[in-house]
Number of protein chains: 4
Amino acid sequence: MPRVGLLERLKSGRPVIGDGSFVFTLEKRGYVKAGPWTSEAAYQYPDAVRQLSREFVRAGADVVQTFTFYATDDKLQDKGLSGKNVSKDIGNLTSKQINSAACDIAREVADEGDALVCGGISPTPGYIKGIGKEAVQKEFDKQCEVFIEKDVDFLLAEFFGHVEELEWGMEVLKKYEKPVAATMRISTIGDMNGVSTAECAIRMAKSGADVVGINCLFDPENCIKTMKVMKSALNEAGLNPFLMAQPVGFHTHEANEHIDGYMALPEFPFALESRIITRAEAHKFAREAYELGIRYIGGCCGFEPYHIRAIAEELAEERGFRPPGHDKNSLWGKDIAQTNYKIMVHRVTKEYWMNLNPGTGRPEAHILSKLDKIDETE
Amino acid sequence: MPRVGLLERLKSGRPVIGDGSFVFTLEKRGYVKAGPWTSEAAYQYPDAVRQLSREFVRAGADVVQTFTFYATDDKLQDKGLSGKNVSKDIGNLTSKQINSAACDIAREVADEGDALVCGGISPTPGYIKGIGKEAVQKEFDKQCEVFIEKDVDFLLAEFFGHVEELEWGMEVLKKYEKPVAATMRISTIGDMNGVSTAECAIRMAKSGADVVGINCLFDPENCIKTMKVMKSALNEAGLNPFLMAQPVGFHTHEANEHIDGYMALPEFPFALESRIITRAEAHKFAREAYELGIRYIGGCCGFEPYHIRAIAEELAEERGFRPPGHDKNSLWGKDIAQTNYKIMVHRVTKEYWMNLNPGTGRPEAHILSKLDKIDETE
Amino acid sequence: MPRVGLLERLKSGRPVIGDGSFVFTLEKRGYVKAGPWTSEAAYQYPDAVRQLSREFVRAGADVVQTFTFYATDDKLQDKGLSGKNVSKDIGNLTSKQINSAACDIAREVADEGDALVCGGISPTPGYIKGIGKEAVQKEFDKQCEVFIEKDVDFLLAEFFGHVEELEWGMEVLKKYEKPVAATMRISTIGDMNGVSTAECAIRMAKSGADVVGINCLFDPENCIKTMKVMKSALNEAGLNPFLMAQPVGFHTHEANEHIDGYMALPEFPFALESRIITRAEAHKFAREAYELGIRYIGGCCGFEPYHIRAIAEELAEERGFRPPGHDKNSLWGKDIAQTNYKIMVHRVTKEYWMNLNPGTGRPEAHILSKLDKIDETE
Amino acid sequence: MPRVGLLERLKSGRPVIGDGSFVFTLEKRGYVKAGPWTSEAAYQYPDAVRQLSREFVRAGADVVQTFTFYATDDKLQDKGLSGKNVSKDIGNLTSKQINSAACDIAREVADEGDALVCGGISPTPGYIKGIGKEAVQKEFDKQCEVFIEKDVDFLLAEFFGHVEELEWGMEVLKKYEKPVAATMRISTIGDMNGVSTAECAIRMAKSGADVVGINCLFDPENCIKTMKVMKSALNEAGLNPFLMAQPVGFHTHEANEHIDGYMALPEFPFALESRIITRAEAHKFAREAYELGIRYIGGCCGFEPYHIRAIAEELAEERGFRPPGHDKNSLWGKDIAQTNYKIMVHRVTKEYWMNLNPGTGRPEAHILSKLDKIDETE
C-alpha cells in the first residue's frame, strides 16, 4: 500500500508532526561531538541513531529526518573526519558513506510505522566565503544525489541564515519530483544580510517551497511571534504555502533579538539544562502553533522524544489518534494518584501542570543571563 | 579470563563508577510510565533498555544494574500489569519474566565491556503494611532467586527509607556468596522511623554490607553533606566499609530537609527540567565524593549518560583511563574553538564551565519553590 | 544679589539637578495618602514638607518644585478634601490654601541655598472627559495664578500623557514671562492617543518649551532609551530645546511597554521595595543622561534624597562642586574601611558598588512579575 | 498628669510599639555618614532628627529612643569627630553635647504625644580590647549620667554581641530607679563567645532585665525563630521577663547563620534596596511576634516610619486604637479603588497585599547572594 505523501497529509488539514533533536540528544547519549556537531554516528553507531529515530516515531512523529547534518565532504575535512587531519581511530569517512547509512536507518524506522523520510540540506560554508552561486549549488546537488537514490519522501532546506542562499538551494531542490519544504533560522529581526522577516517569508514562498517556516536558534514563544510576522506577510502578498515551525527546546529569551540566537547565550552548549522546556510548554507551543494555522509542527535542538510526544498528545483530537507510545504516557499524572505519597496526589490535572511555574532549586542562580559583549567589528 | 570483582576493584583504591538513571531516562524516551515507574520495558522493549545500558558503559560505568526496579509480583498487580486489572494490550507480565529479561540485557552489555552486573532489591510495600519480618524476607528471597540463577556479580539493597527493613534485607542477601552493597534514601535528618543518619550508617555496616552509602531523593550537594555525617559516624564506631553515593541529578535545595526529598517538590515529576544538574556540576560532585573517600560513585534519577561520562572524565587520572566514549567528548569545549561563531570562542576552558552560573531564560521564573503544605496528620 | 535663572544655568553647559520624589517619599513618612496622592500636607504638615525639601537641596538639587501635585479644586473635591464629602477631621481645604502654602515652603528652602522655585501644572481630569480646550485651559490658568503671585522662578508642565493637552497647557504657560519646561510620561511606545514618541518631542518643542523631556512611569534605563528617540527626532527636525529627564526610582522592566508604566506592576504602590534603584544605579543614570546631552537631570517617584545626592556626586566635576551634604557622604564606602568588620574592608571602591548585582534575600522570590491582564475593552 | 511607665504598659497585656531605624534612615536623608554611623546629627541637624522622631510617634511608636548611637567619647575620637583628627568643618564634638541634644529632642517629641523616652547603651570597643570589667563599666556609667540627668523614662542595653559584656552593663543600669530592657544582636547560633542562644536568654533575665530580647542584624523571620528559642529556654528555667524584638527591615536569609548577620551580605550597606521588607511583611512580623507573646515590638535598621505604622495598624485592635497618622494611611489600598486606573482596582484587599510575592524588575538579578569568603584566621 503506497504511503500518503506530505502534501496530501497537509491538505487534509490534520497537523503533521515533525521529529526532534538529533545532534543535541545524541551528544548527551555520547555519539555526537559538541563543536563539530557532525553526524558520522549514522555510519559509526547505527544502533544509537536507529533507537532515537524509533523513539520519535513512537512519540508520534510523522517524519523521520535523515541524520545527515553537516555531512558534506568539505565539513568532514574541516572537522578532521577525512583528509589529512583524520583521526587514526576511525579512518576516512566520506559524505557518501554517512548519508547512505543515514538514509537506510531513516527508511527502516519510517517503514516500521507510517512515517515519511525527509532528506535535508543546510547552508554551505562556501556561501559566506563567496564562492558563488554555481559552486554553492554544486554542493547542494551532491547532497541531493543520495537522497534521490535512496528515494526519500520529501526534501527540506533548513537552518538557512541568508534567504539568498536558500533561494539558490530551492532552485536545486525543485529539479526533483518531490515536495519541498524550507525553513530559515530567523527571528523577528530578519536574516543575516538584513532582509526583513516579512520579505524572507515572501521570497521563500516565491522560490517554490510548498511549506515555509523557521527552525532552530529561538524558543517556542519567539517562534510563534516570528511565524505571525511571516504569516501576515504571506497573506498580504496573496501567497498560501503550508506553514512549518521547529524551534529549539530551550528558553532563549535573552537572545531572541540576537542574530545567533541561543548560541549567543553564555550557557551554550554545555549548561543549557535550566532552559529546557517542560512537556507542558511543548503542549502550549503545539496548541498555539496549530491555532496560528501551522500544520507542520516539530522541534529542533533540545526537543527530546517526550517533547514530541507532548505535541502529538496535545493534537491527538485534531489528528484523530494518540501517538503509538501512549501506553507509557501518564498524561498529566493520572497515574500519580496511585501513589502512596500524599504529597503529590493533587498533581494530576492538566491545569496543575500547565500553570506550574517551575523553580530551579539553585539558591544562588539568576533568571536571565547577560550576553557576552563581543566586538563584532574585528 | 575471569572478570575482576567489585571488592577487588574497590580495594585497589581506584574509584568504581556506577551507572545512572533508568526509570527517569526511559520515561523521557517513552518506555516507562510515570507514577507506576515499573520496569516491564526490560521485557517489552529490550532494545531501548539495551541501548541505554550501553550508553552508560560507553560513558564509563563499571556497573550495569539490572533494570528490575519495582518488578515484584505484588507491585505489578498493584499497577495493573498482572492480575485482574491487567491491561488487555500486553497481557499478564510476571516478575520472573521481567527480572530474567533484565538480567540477560545487563549481562550482554556488561560483557561487551568490562563491567559488572548488579542485582538490586528495594523496599517492599509489606514492610509498611506490617506483614512482619518473615513475610518481607520472603519477598526479597524471590527477587534474589533470579539474580543468583543469572549469576549477577554483586547484590545491592537500595532506596531503603527504614534501616530496620534494610537490615532484614541484608540478612537475606548475605546468604549468597556475593559482595553486598547497601544504600538508603536519606538526608541528614535520619530515616523514616526517626533513626539518626549516623546510627543508620552504623547499623548498615554492622548488618554486613561491604559498601555503605545513600542513593536517590537528594541532590549531589546534599549527598556529600550526608555522607560526611555517615563517614564520621562510621569512623567513630571503628567501622570501615567502602563508601558509595548515587544522588539524583536534580537540584533539590528546598526539599533537602523533607523526608520525601525531591518528590516533595511541586515540579516532581513533570517539570524538573530547570533543576537538572549540568555536566560541570557532575564533575564537581565526582571530585568532592572522591576527596571524601567515596569509591563507588554513580547517579540515580536524572543522571543521564553524559553525567556519568562527566564523573568518569573527572576521575580519569585516578582510574588510569578515560571512558570508552571519550571519542565524542568535546571536553570543556576544546572543539568549540573550531567554530565560526566568534561569540563562543572563549567558552573552551574547564574554568569557564565550572564557574558558570546558568540562567533560566524564563523571565517570570522564580529560583526556589514553595513546598506544598500537606496535612500529614490525616 | 539676583539669582541666576534656569536658562542661564542651562546655557552655561553645566548640568542642573532636579529634586526627587515628594508624594512617594511623604507617603512613607506618613503625610500623603496613597490613592488620592494629593498634596494637602503642604498646608497641614508644613514641617514635614519643608524638611524633605531641605534634604533635596542639601543633596544637591538646584530646583525646589512646589508641592502642589493634584492640588486643583476639582481633584480635591473628588478626593473628599473639600465639598460635600469632606472629612470632618480637617474641614474644607481649597486649592488656593494648599498652593500658597506650598509656594511659601519652596521659596523659603530655595532661598536658604541657591536653588530655583519651580511651579508645575499637570493633566486635568477634564481633558479626558472632553470638556474642551477652553475649559481645560481655565484650569491651568487657575493653577498659574498662584505661581505668578508667589513669583516662582520657572514653570513646568509635567506628567502629561497626551501631547495635545500639553500643547494647550503650553499656550497658557507661555503667556507669562517665565522660562517653561515640559515633560511627558511616555516611553518609546508613544502617547495615550497613539502619537509617536518622536512626534511628541517635536510638538513639545514647537509649542514653545525651552526644556523638553520625560518624567515618571518608567525606570532610568528606559528613560535613557526614550530620550534617545526624542533627541534624534528633535535633531532631524532642526529643533534644539534643552533636554530634561526625571524617571522613577524603581526598576520597571516588565511595564516598559505598557502605557501605564509602573502603575501596571502588581507591586504598585505598596510592594515596590525590591524595585528601588541603588545609589550606584543613580550614578549610572546621571552619567548616561549627561553623556546623551541631557542637562536637567532629576528624579520622580521613588527618588529619595540619597538618589539625588548620587546624581550630584556623579556630576560634581562637571558642576564644579560637590553637593552641600557631602559632609555626610561616605562616597563608595571609603569610611567603611575604618570598620572593625573584616568582612567588608573590600567594599570601598566605586568599581565594587557599580558592578555589584544585588540579591533579594527572599528565597522564594521571582525576578520579573507577570502584569495583570485587564480587559481594557469594557 | 504623670505618664504611664513602660512596665505598667507591658503589664496591661497591650503591646508596646518601639520606634524604627535612625542611622540608616538618616543616612538616606543625608545626615549620618555610613561607616562611622555616629549620631552627631542630634547636635548638628536637630530639625532632621526631630522630624524623624515625630514620624515614628505619628506612626504609632510608644517609645522615642534617644539618638545617641555610638556617641561615646572614644568612638567620637576614633571617627575624627573630636581629638587630633577632627574635621575643621565642625570642630570638636563631645559625647556630652550630642547626648544632651539627643535627650532634649526625644523628650520634646515624646511629650507632644504619649510616648516614653528610652536611653540606650551599646557595646564598648574596650570589651574586645580586654580593658576589663571596671573600665568597661566606667564607659557605661558616663553614658548613663546624661540619661539620668535628662530623666529618661527607661534604660536599654542593646546590640550586645557578648552576653558577658551585657551582664556588666546590666550591673550599671540596675543602679538607677528605672525599668531596664536588654537586647542582643544574636541569631540561633549563639553569641560571639559561643554562648548558646538559650543560655544568653537565661543570663539576660538573671542579670535583672525586665524586658529581654534581640535587635538588629537579622530579618523579622529569623527574629521570630530566635525568639522562640529564647522563650522556650526562659520558660524551662522558670523565668518570665517581658519579651522584646527589634529586627532589621531587610531580608537577610543568606546571612542568618553568620555571626555578623546582614553586615556579611555583599550588599551592605549601599545596595540593600531589594532586600527592604514591605509593609505587608511588617504586618506579618507584628502578628507573629504578638502571637509568640512578645509585647515590645519595634524595628532596627531599615524600619522606616511606614513599617512602624504597619505594626501599629496590625495591632490596632489589641491596643485599642489606630496610630495617630492613620489619617493618611490608605490601609490595603482602599483608596486606590477611587482611581481612574482600571489596572489596579483589584489591589485593595489585605489578602492581595499579604499574598503578593514581589518581583524585582531587574532582569539579570539573582535571588540569593553568595557571601564573601573571608579568611577569618588571619
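Lettering of chains follows the sequences in order, A, B, ..., and the numbering in each one begins at 1.
Highest contact tally toward chain B, considering only A:I276, A:I367, A:L368, is held by A:I367 [criterion: heavy-atom pairs under 4.5 Å]. Note: A:A48 leads A:A48, A:S369, A:P324 in heavy-atom pairs under 4.5 Å with chain B. With chain A as partner, the option from B:H307, B:E304, B:E281 having the largest number of non-hydrogen pairs under 4.5 angstrom is B:E281. Between chain B and the options A:A59, A:A255, A:A41, A:A264, heavy-atom pairs under 4.5 Å are most frequent for A:A264. Chain B forms the most heavy-atom pairs under 4.5 Å with one residue out of A:R58, A:R50, A:E254, and that residue is A:R58. In terms of heavy-atom pairs under 4.5 Å with chain A, the best-connected choice from B:N329, B:D219, B:I128, B:V32 is B:V32.
With sequence neighbours excluded, the residues that form a side-chain contact (heavy atoms from CB on, under 4.5 Å) with B:L356 are A:P266, A:E267, A:A271, B:Y352, B:W353. The side-chain contact (heavy atoms from CB on, under 4.5 Å) test applied to A:A312 returns A:R319, A:P323, not counting sequence neighbours.
Within the 4.5 angstrom heavy-atom criterion, atoms from both the backbone and the side chain of A:P269 approach chain B. Within the 4.5 angstrom heavy-atom criterion, only backbone atoms of B:L265 (N, CA, C, O) approach chain A. Looking at B:W332, only its backbone comes within 4.5 Å of chain A, counting heavy atoms on both sides. For A:E55, the parts lying near chain B are the backbone and the side chain together; criterion is any non-hydrogen pair under 4.5 Å. In this structure, chain A has no heavy atom under 4.5 Å from any part of B:A280. Only the backbone of A:I277 has a heavy atom closer than 4.5 Å to any heavy atom of chain B. Residue A:R279 touches chain B through both its backbone and its side chain, counting heavy-atom pairs closer than 4.5 Å.
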Side chain to side chain contact (heavy atoms under 4.5 Å, CB included), that's the test. Do B:D47 and A:D47 meet it? Break it down for me.
CA-CA 9 Å; B:D47 284 353; A:D47 285 354; over 6 Å; no
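Counting heavy atoms from C-beta outward, A:F268 and B:R347 have side chains that approach closer than 4.5 Å. The shortest side-chain heavy-atom distance between A:Q44 and B:K328 falls under the 4.5 Å cut-off. At least one side-chain heavy atom of B:M263 sits under 4.5 Å from a side-chain heavy atom of A:M344. A heavy-atom distance below 4.5 Å is not found between the side chains of B:H253 and A:E364. Here the side chains of B:R29 and A:Y306 are not in contact, with every heavy-atom distance at 4.5 Å or above. Contact annotation: the side chain of B:T278 never approaches that of A:L272 to less than 4.5 Å [non-hydrogen atoms, C-beta and beyond]. A:H366 places none of its side-chain heavy atoms less than 4.5 Å from the side chain of B:P358. No side-chain heavy atom of A:H251 sits less than 4.5 Å from a side-chain heavy atom of B:T360.
In this structure, the separation between NZ on A:K33 and CG on B:D327 is 7.5 Å, given to the nearest 0.5 Å.
When the shell of 6.0 Å around CD of B:E221 is examined, it contains 12 or fewer heavy atoms from other residues, nucleotides or ligands. Annotation for A:Y43: atom OH does not count as buried by contact number, only 12 or fewer foreign heavy atoms lying within 6.0 Å.
Of all the heavy atoms in A:G359 and B:S274, the pair that sits closest is O-OG, 3.0 Å.
No cation-pi contact links A:R54 to B:Y45, judged by a cut-off of 6.0 Å to the six-membered ring centre and 45° from its axis.
Ionic pairing of A:E27 and B:R309 is present here: one or more N-O contacts between side-chain nitrogen and carboxylate oxygen are shorter than 4.0 angstrom.
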